[in-house]
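Below: one structure, written as structure tokens.
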Amino acid sequence: MVPTGDTAWLLASASMVLLMTPGLALFYGGMVRSKSVLNMMMMSFGALGLISVLWVLWGYSIAFGNDVGAGMLGDPFEFFGLRGLMEDLTSEEGGLPVMAFVAFQAVFAIITVALISGAIADRAKFGTWLIFAGIWATVVYFPIAHWVFAFDAGDVVGGWIANDLLAIDFAGGTAVHINAGAAALALAIVLGKRKGFARDPMRPHNLPLVMLGAGILWFGWFGFNAGSAVAADNTAAVAWVNTMTATGAASLAWLATEKIRDGHATSLGAASGIVAGLVAITPSCSAVSPVGAILLGAIAGVLCALAVGLKYRLGYDDSLDVVGVHLVGGLVGTILVGFLGTAAAPAGVDGLFYGGGVDQLWRQVVGAVSVMTYSFVVTLIIGYLLHKTVGFRVDEDDEVSGIDLAVHAETGYDLHVSTGAGRTLTGATAGATGSSGVGADADRQTEGSVKS
Amino acid sequence: MVPTGDTAWLLASASMVLLMTPGLALFYGGMVRSKSVLNMMMMSFGALGLISVLWVLWGYSIAFGNDVGAGMLGDPFEFFGLRGLMEDLTSEEGGLPVMAFVAFQAVFAIITVALISGAIADRAKFGTWLIFAGIWATVVYFPIAHWVFAFDAGDVVGGWIANDLLAIDFAGGTAVHINAGAAALALAIVLGKRKGFARDPMRPHNLPLVMLGAGILWFGWFGFNAGSAVAADNTAAVAWVNTMTATGAASLAWLATEKIRDGHATSLGAASGIVAGLVAITPSCSAVSPVGAILLGAIAGVLCALAVGLKYRLGYDDSLDVVGVHLVGGLVGTILVGFLGTAAAPAGVDGLFYGGGVDQLWRQVVGAVSVMTYSFVVTLIIGYLLHKTVGFRVDEDDEVSGIDLAVHAETGYDLHVSTGAGRTLTGATAGATGSSGVGADADRQTEGSVKS
Amino acid sequence: MVPTGDTAWLLASASMVLLMTPGLALFYGGMVRSKSVLNMMMMSFGALGLISVLWVLWGYSIAFGNDVGAGMLGDPFEFFGLRGLMEDLTSEEGGLPVMAFVAFQAVFAIITVALISGAIADRAKFGTWLIFAGIWATVVYFPIAHWVFAFDAGDVVGGWIANDLLAIDFAGGTAVHINAGAAALALAIVLGKRKGFARDPMRPHNLPLVMLGAGILWFGWFGFNAGSAVAADNTAAVAWVNTMTATGAASLAWLATEKIRDGHATSLGAASGIVAGLVAITPSCSAVSPVGAILLGAIAGVLCALAVGLKYRLGYDDSLDVVGVHLVGGLVGTILVGFLGTAAAPAGVDGLFYGGGVDQLWRQVVGAVSVMTYSFVVTLIIGYLLHKTVGFRVDEDDEVSGIDLAVHAETGYDLHVSTGAGRTLTGATAGATGSSGVGADADRQTEGSVKS
Amino acid sequence: MKLVTAVIKPHKWDEVREALEAFGVTGMTVTEASGFGRQKGHTEVYRGAEYDVALLPKIRVEIVVEDDSAGDVVGVITKTAQTGRIGDGKVWVMPIESVVRVRTGERDSAAL
Amino acid sequence: MKLVTAVIKPHKWDEVREALEAFGVTGMTVTEASGFGRQKGHTEVYRGAEYDVALLPKIRVEIVVEDDSAGDVVGVITKTAQTGRIGDGKVWVMPIESVVRVRTGERDSAAL
Amino acid sequence: MKLVTAVIKPHKWDEVREALEAFGVTGMTVTEASGFGRQKGHTEVYRGAEYDVALLPKIRVEIVVEDDSAGDVVGVITKTAQTGRIGDGKVWVMPIESVVRVRTGERDSAAL
Ligand SMILES: Nc1ncnc2c1ncn2[C@@H]1O[C@H](COP(=O)(O)OP(=O)(O)O)[C@@H](O)[C@H]1O
Ligand SMILES: Nc1ncnc2c1ncn2[C@@H]1O[C@H](COP(=O)(O)OP(=O)(O)O)[C@@H](O)[C@H]1O
Ligand SMILES: Nc1ncnc2c1ncn2[C@@H]1O[C@H](COP(=O)(O)OP(=O)(O)O)[C@@H](O)[C@H]1O
């Protein structure tokens with residue numbers, strides 16, 4: 001028999017997490033200048049399209065296929081194309097539909113890839129981004145998901161972090177955030193700075209969009225974290241409450257940091273604090289108490305608010321602060337489990353502050369550092385290879401005049417009161433024949449085109 | 001006993017599908033020029049208000065009342081006003097609350113009506129649109145929902161497509177998309193072309209809004225498709241995964257088509273591909289394998305990308321491509337079930353490519369063509385009647401200067417830095433008396449009004 | 001054993017209700033002028049951060065701790081920091097995780113606070129708003145939630161409205177809407193009118209944002225109302241359907257009122273009608289039939305549409321009509337239960353029109369008036385105290401030039417085609433040291449700064 | 001040299017541009033403007049409160065021309081932008097002392 | 001004929017328009033502009049990075065007037081738009097050679 | 001007094017402003033404009049339909065200057081805004097009869 005309550009929650013969660021990627025597209029898209037909003041959003045939407053296909057083809061199998069050696073990798077062929085997974089029953093004597101789990105994990109893969117794009121705003125070739133996304137998912141994300149999320153089950157052997165190291169990463173602080181953050185740093189280095197970085201203003205063009213994105217991310221994150229219980233149970237409920245309260249605390253902490261340092265509490269700060277809190281509570285939401293979550297969130301809010309300035313000091317153009325928010329926030333959340341973890345919480349492990357000594361702490365640090373190192377190094381290699389071969393960066397001219405127009409032949413907004421002044425339809429590529437000729441429509445007035 | 005897991009999923013799904021209509025309003029609204037964004041959104045919101053009332057009054061009864069003849073129509077009086085449906089139990093010995101099913105099916109009716117509006121952007125009288133929506137839902141959608149979604153149950157007799165033809169339409173490829181697409185074509189013909197169609201540029205005024213809309217639609221569509229299992233079970237999970245992967249594939253395929261044909265992969269293309277994929281997987285999500293879904297999505301993406309140019313060749317102004325995306329996508333998805341269906345999927349039927357012969361194929365074709373023909377013809381009649389009586393189109397002047405101002409006395413955006421330059425409050429209609437006089441407020445400065 | 005279906009629905013509902021606050025931020029944010037959109041949104045986001053922490057600390061305990069006297073207040077220390085609530089079981093022999101209920105109720109507290117902010121658009125000090133929010137939640141909302149939502153259970157004694165008065169308030173017509181509406185009126189009086197109120201135009205700067213907000217609110221409200229069944233059962237399903245249909249009816253009724261009175265049916269009217277209907281059906285969704293819900297929604301739509309003009313007559317600047325929509329709508333919905341309640345609905349009580357006499361009616365009136373009076377008086381006191389001490393209103397200059405810039409040092413939009421003309425980065429506060437100096441980055445060009 | 005400034009209705013802009021091109025004008029500079037004049041503005045309604053919007057959207061075109069073309073250019077614009085209804089706009093001509101093409105530094109006639 | 005161009009603070013625009021109407025000006029053309037001058041811009045902060053925004057929003061009004069009204073129109077604007085604080089703006093007057101009403105083709109005085 | 005009007009490429013604006021400040025210009029008024037000229041516009045594609053966008057974004061700067069600075073100001077702008085590629089823009093100079101500082105009522109040279 002299928003446990004319908006758990007399945008209902010898992011499917012709802014998966015849907016909510018899928019929405020996070022469009023939410024991220026808004027969050028990121030609002031932060032760039034209006035001339036590159038579409039390209040920014042397209043990196044997320046491109047990841048959404050591509051990874052949803054790759055996951056079905058070989059992603060799930062690499063992550064959750066039977067281990068092929070040392071907890072590093074699942075068998076890519078075992079469930080290639082999800083074969084054999086459409087049957088009704090999943091575990092032996094009844095259990096969740098495997099496909100519900102496939103669904104839930106798919107959206108994690110998607111958003112992890114999309115997160116990286118924040119580091120390379122305004123300047124990446126879209127085609128190269130897609131190639132990168134496919135390779136990166138295959139050689140970085142899918143294996144790391146195996147390390148962290150594939151628990152041993154019966155005969156099936158899973159990943160080393162989950163089963164051997166026993167680091168606690170409830171919903172992906174390592175696999176998702178540290179991973180994406182390290183990759184982001186690598187790509188920011190590979191692509192180099194935007195023209196005018198740290199000199200020209202590159203301020204957000206649409207902050208309501210950023211805040212909407214943050215709101216959607218928060219909403220979806222309940223699926224992300226509470227859904228990671230893979231059941232509609234007490235663990236899910238605790239994760240839910242911790243996800244709320246740590247996030248609230250992080251947002252307040254970020255605002256307080258700004259108010260003290262800059263004199264103003266900003267809306268971008270509130271939105272950023274929300275994401276920082278969400279990131280930090282991701283690995284830890286099953287391991288800390290609600291009061292611990294407040295503390296953890298507040299620490300993450302302060303540290304991430306300070307960390308986003310690093311790029312100006314160190315000189316890498318992590319345009320939308322993926323490092324400052326996801327890498328730093330992921331590290332904070334993962335490592336603090338070693339301090340703030342309490343046996344009273346569902347994960348049942350005491351951290352240093354609760355008398356558990358350093359046992360869990362070192363496991364957390366090893367897990368975090370391993371993922372960070374692997375991700376950074378491999379991403380650097382992939383990035384440089386693509387940069388030297390197909391090229392990863394658009395022309396400087398296109399960057400200056402705006403990547404949306406150059407790459408996508410589109411403009412984000414046309415809010416002019418005039419009725420499209422100065423624009424004229426010159427050709428409508430039509431129909432199944434694929435010919436791009438001028439339509440035969442008598443209504444068509446060819447003198448409408450420009451002969452400049 | 002109520003199966004709470006199934007109910008939870010059904011209620012969550014219904015909520016998600018309700019959100020699709022505002023999502024559609026954004027998707028459509030962003031695609032028109034800024035002078036008509038509100039009217040575009042209002043057609044969806046108007047449908048949302050109106051159909052949610054009509055469904056309760058007689059819609060549910062026409063769709064799911066006992067058949068009154070040949071599988072064409074449910075008894076409109078049986079459940080008029082949903083009478084008798086508030087009791088606790090639904091099926092005999094326990095089952096889903098009927099009201100949950102009422103809820104879930106309501107939102108299908110709403111969005112189907114709203115979809116049509118994309119064909120008549122910028123030029124329809126809002127009042128006439130509402131009248132049309134009410135009539136169309138009553139004589140087209142509610143009966144067709146009976147044909148397709150009303151399965152025989154005990155003594156209760158349902159519709160002919162579901163029970164006699166046995167065409168597979170899991171979540172409404174025929175009832176929703178082919179239906180709306182055919183109606184859209186009819187209305188585009190009735191209303192005629194916008195002034196300047198195919199000559200003046202009518203480019204999207206807010207593409208981030210379009211992408212947000214597409215994201216919300218995708219999210220809601222998991223409720224649409226996976227919710228159509230009416231249970232939180234394996235079928236729902238398979239539908240979920242197929243809905244994800246077909247959509248991703250369609251989006252990529254649309255982008256590839258554009259890249260090859262026009263030289264640019266656009267954000268509007270990504271958003272359009274998403275919707276095309278969602279439409280095509282709607283009827284088929286329970287019938288194909290995940291790999292089949294990739295294929296099906298890719299085909300839909302390519303064909304819809306080619307089909308949207310047809311309107312310029314054939315000369316009908318289907319402004320936002322309801323025909324190119326919903327009619328074509330619906331046909332592709334419905335008919336491909338006859339080819340790509342596999343007995344390993346929940347629907348359990350082999351299509352032509354899986355050795356099932358043409359048995360299912362002809363059923364799919366007959367179902368699709370029947371719905372398309374009925375919808376097109378009846379819509380044409382309703383449309384012309386309204387056009388000739390109350391009038392369906394606004395004045396040419398209002399169309400040119402902008403329908404938002406003329407019909408709704410509003411402007412979508414006021415982003416001027418100046419503090420509302422040149423605008424002055426002249427009267428505030430106040431209070432329960434309904435008088436529209438000038439308030440007695442001493443603070444009111446009447447010299448503020450314009451005497452031009 | 002945990003009832004997973006109910007838990008799944010409750011967690012999904014809680015997530016949906018959390019999203020309502022960002023939705024409200026958009027709804028409100030779109031309605032103000034572009035120079036104060038961020039501040040408007042920040043009042044909601046600030047409430048989101050702050051109340052999510054306070055709820056965990058003492059809010060839940062005040063609302064749902066054992067009563068400390070006369071049904072007025074729960075024990076603030078019993079569950080301080082949610083202590084002891086992380087265990088697996090909730091009721092004696094199994095039941096919902098308490099933490100799921102904690103989660104669900106948390107988001108009610110958050111949005112109630114956020115709702116108030118609509119009354120004080122464009123002019124409130126952000127810091128004071130946060131202080132107010134914390135005090136108000138503690139002395140107004142948490143106690144009233146106890147009155148209305150804390151049902152006696154075994155030895156645990158709850159609030160007086162729920163258990164003694166027996167007024168029906170299914171999801172918070174009194175505790176949330178009348179409460180927020182009365183507080184809004186008090187704050188509007190405390191802060192006074194905006195400069196130029198009722199003379200200068202202060203029209204919505206972004207109506208698509210308003211409509212998006214309304215759509216998200218509607219979506220989330222299904223969690224709000226149907227989730228209040230605290231089970232995935234028939235009651236939830238009835239609440240769902242009533243929430244849909246009353247809202248649809250209210251939206252149509254508002255539009256009709258506008259069309260008759262002003263000659264135009266507006267998009268702001270549609271969005272406002274949606275919210276009015278949602279408010280009115282909140283207390284009543286378990287108590288009326290679907291046809292009763294249509295009537296109730298329509299009445300609320302008309303009355304709220306008329307009520308929003310009152311502020312010009314009476315001279316208080318309830319900027320975004322929290323009184324006209326939430327107080328009036330809340331009163332309408334709460335009191336109409338006394339007329340339209342039917343024993344056939346889940347609440348099982350007949351109102352005046354269904355032969356139940358005035359028994360339920362007076363209970364509804366007493367409940368409504370009590371909450372309204374308490375909230376108004378206490379809010380007035382808190383408001384004046386803050387106004388006279390820390391100050392509640394920004395400088396007139398800042399109000400005129402725009403609160404976003406003055407308070408948050410941000411601008412909502414930068415949609416200029418020019419590449420950020422005239423703006424230059426002068427300093428990036430960097431890193432963990434917190435120093436705000438100029439970075440050592442060689443790429444940094446200091447001649448980029450302005451020496452005006 | 002002269003500067004011809006024209007304030008016209010937005011939906012006439014495309015036609016005017018085409019007519020000017022046909023006439024031989026090779027460049028112009030356009031800004032979005034709002035006009036106030038005899039043409040009535042419109043009324044907007046938000047929650048029952050009415051707002052008079054006195055300003056109407058216009059397109060403002062600036063064209064630098066040779067002295068002897070000025071009259072013709074004004075004529076072309078006047079003819080093309082005319083709908084005969086209030087609010088069609090104005091065209092005015094001002095003297096210019098010099099004009100430079102930024103790209104080359106060419107001056108006056110050579111700068112056009 | 002003269003062209004009076006005024007650059008003023010946005011929140012003064014309504015008053016200026018009313019004063020000009022009262023004076024008898026029947027039409028004007030308005031554009032949104034940004035001003036750079038003695039008035040300091042402001043600073044915005046995004047994630048701790050500060051941006052100097054040197055430009056300030058202004059309203060730019062153009063009014064074609066009869067030669068002998070020019071001085072008075074400038075006076076009306078100067079008086080009404082004055083707050084006495086830095087950044088109140090400038091008004092300048094230029095000669096116009098001719099003006100045409102597009103609707104009718106009327107010229108000069110008749111075109112106003 | 002003279003009015004110098006410059007139409008330049010948007011990404012050159014910051015440099016031009018700095019050069020003008022360095023030269024001693026204390027104020028200017030800026031509007032966003034669109035230019036039409038030799039420089040080709042671009043093509044946008046929406047669902048396979050191509051749109052020619054003839055207009056290109058430009059920044060339009062107005063500077064009131066003393067008679068004898070006009071030439072130098074034009075020179076500074078021309079030099080700074082030059083990229084050598086088509087579309088760099090134009091600068092033209094017109095006579096001004098008077099200018100007033102709104103804040104003080106000061107006139108002409110004193111108004112700058
Ligand atoms: N004196 C003026 N100075 C500058 N612009 C003017 C003047 N009068 C009118 N305009 C511009 O011309 C437009 C049309 O003028 P209006 O009086 O409405 O109609 P018409 O020119 O047909 O009589 C106005 O909207 C405004 O932009
Ligand atoms: N030389 C100038 N040419 C054109 N516009 C100017 C000039 N100087 C100032 N302005 C305009 O006037 C506005 C106000 O000038 P500013 O120097 O700030 O204050 P004030 O005029 O009160 O001394 C500026 O923002 C700018 O728009
Ligand atoms: N005759 C003109 N009158 C007014 N503005 C002009 C004129 N010709 C060109 N411009 C402006 O100058 C800009 C650049 O002109 P263009 O012909 O494209 O290049 P270039 O000046 O390098 O030859 C145009 O976009 C337009 O804004």
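Numbers restart at 1 for each chain; the letters A, B, ... are given by sequence-line order, proteins then strands.
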Between CE on residue B:Met99 and CG on residue C:Asp233, distance to nearest 0.5 Å:
12.5 Å

Can C:Phe219 and B:Phe219 be said to form a side chain to side chain contact (heavy atoms under 4.5 Å, CB included), step by step?
CA-CA 12 Å; C:Phe219 170 67; B:Phe219 169 66; 3.8 Å; yes

Chain C-proximal positions within residues 14-22 of chain B [heavy-atom distance under 4.5 Å]:
B:Ala14, B:Ser15, B:Met16, B:Leu18, B:Leu19, B:Pro22

Below 4.0 angstrom, N of the basic side chain to O of the carboxylate: do B:Asp414 and C:Arg203 qualify?
yes

Where does B:Val37 contact chain C at under 4.5 Å (heavy atoms): side chain, backbone, both or neither?
side chain

Interface check, chain C: of B:Ala106, B:Ala12, B:Gly5, B:Ala8, most non-hydrogen pairs under 4.5 Å belong to B:Ala8

Run the side chain to side chain contact (heavy atoms under 4.5 Å, CB included) test on B:Met41 and C:Leu207 for me, step by step, so that the C-alpha distance in whole Å, both residues' side-chain angles and the decisive distance to 0.1 Å come before the verdict.
CA-CA 10 Å; B:Met41 296 186 75; C:Leu207 282 167; over 6 Å; no

Over all atoms of both residues, closest heavy-atom pair of C:Asn234 and B:Pro97
OD1-CB, 3.5 Å

Mind listing the closest non-hydrogen atom pair of C:Pro208 and B:Gly412 along with its distance?
CD-O, 3.4 Å

Under 4.5 Å, counting heavy-atom pairs only, tell me which of C:Thr257, C:Leu212, C:Thr247 racks up the most with chain B.
C:Leu212

Which residue pairs satisfy the side chain to side chain donor-acceptor pair (under 3.5 Å) criterion with at least one member in residues 286-307 of chain C, sequence neighbours excluded?
none

Between B:Leu209 and chain C, with a heavy-atom cut-off of 4.5 Å, which part of the residue counts as in contact: side chain, backbone, both or neither?
side chain

Cut-off 4.5 Å, heavy atoms of chain C, and the answer for B:Leu26 is side chain

Is any side-chain heavy atom of B:Leu11 less than 4.5 Å from a side-chain heavy atom of C:Trp9?
yes

I'd like to check B:Leu48 versus C:Trp218 (side-chain heavy atoms, cut-off strictly below 4.5 Å). Are they in contact?
yes

Any chance you could lay out the side chain to side chain contact (heavy atoms under 4.5 Å, CB included) test for B:His408 and C:His264, step after step, and finish with the verdict?
CA-CA 5 Å; B:His408 303 292; C:His264 296 277; 5.7 Å; no

How many angstroms lie between atom CG of C:Leu252 and atom CZ of B:Phe45, to the nearest 0.5 angstrom?
13.0 Å

With heavy-atom distances below 4.5 Å as the criterion, would you say the side chains of C:Thr4 and B:Thr4 are in contact?
no

With a 4.5 angstrom heavy-atom cut-off, is it the side chain or the backbone of B:Leu54 that approaches chain C, or both, or neither?
neither

Quick one: what part of C:Leu268 sits under 4.5 Å from any heavy atom of chain B, side chain, backbone, both or neither?
both

Got a donor-acceptor contact below 3.5 angstrom from the C:Thr245 side chain to the B:Ser52 backbone?
yes

In Å and rounded to the nearest 0.5 Å, what is the CE to OG distance from B:Met42 to C:Ser267?
6.0 Å

C:Ala271 versus chain B, heavy atoms under 4.5 Å apart: side chain, backbone, both or neither?
neither

Contact leader toward chain B among C:Ile216, C:Ile294, C:Val291, where contacts are heavy-atom pairs under 4.5 Å:
C:Ile294

B:Leu10 versus chain C, the contacting section by heavy-atom distance below 4.5 Å
neither

Using the rule given for side chain to side chain contact (heavy atoms under 4.5 Å, CB included), can you reason through B:Val56 versus C:Val241, listing the C-alpha separation, both sets of side-chain angles and the distance that settles it, and then say yes or no?
CA-CA 8 Å; B:Val56 163; C:Val241 170; 4.2 Å; yes

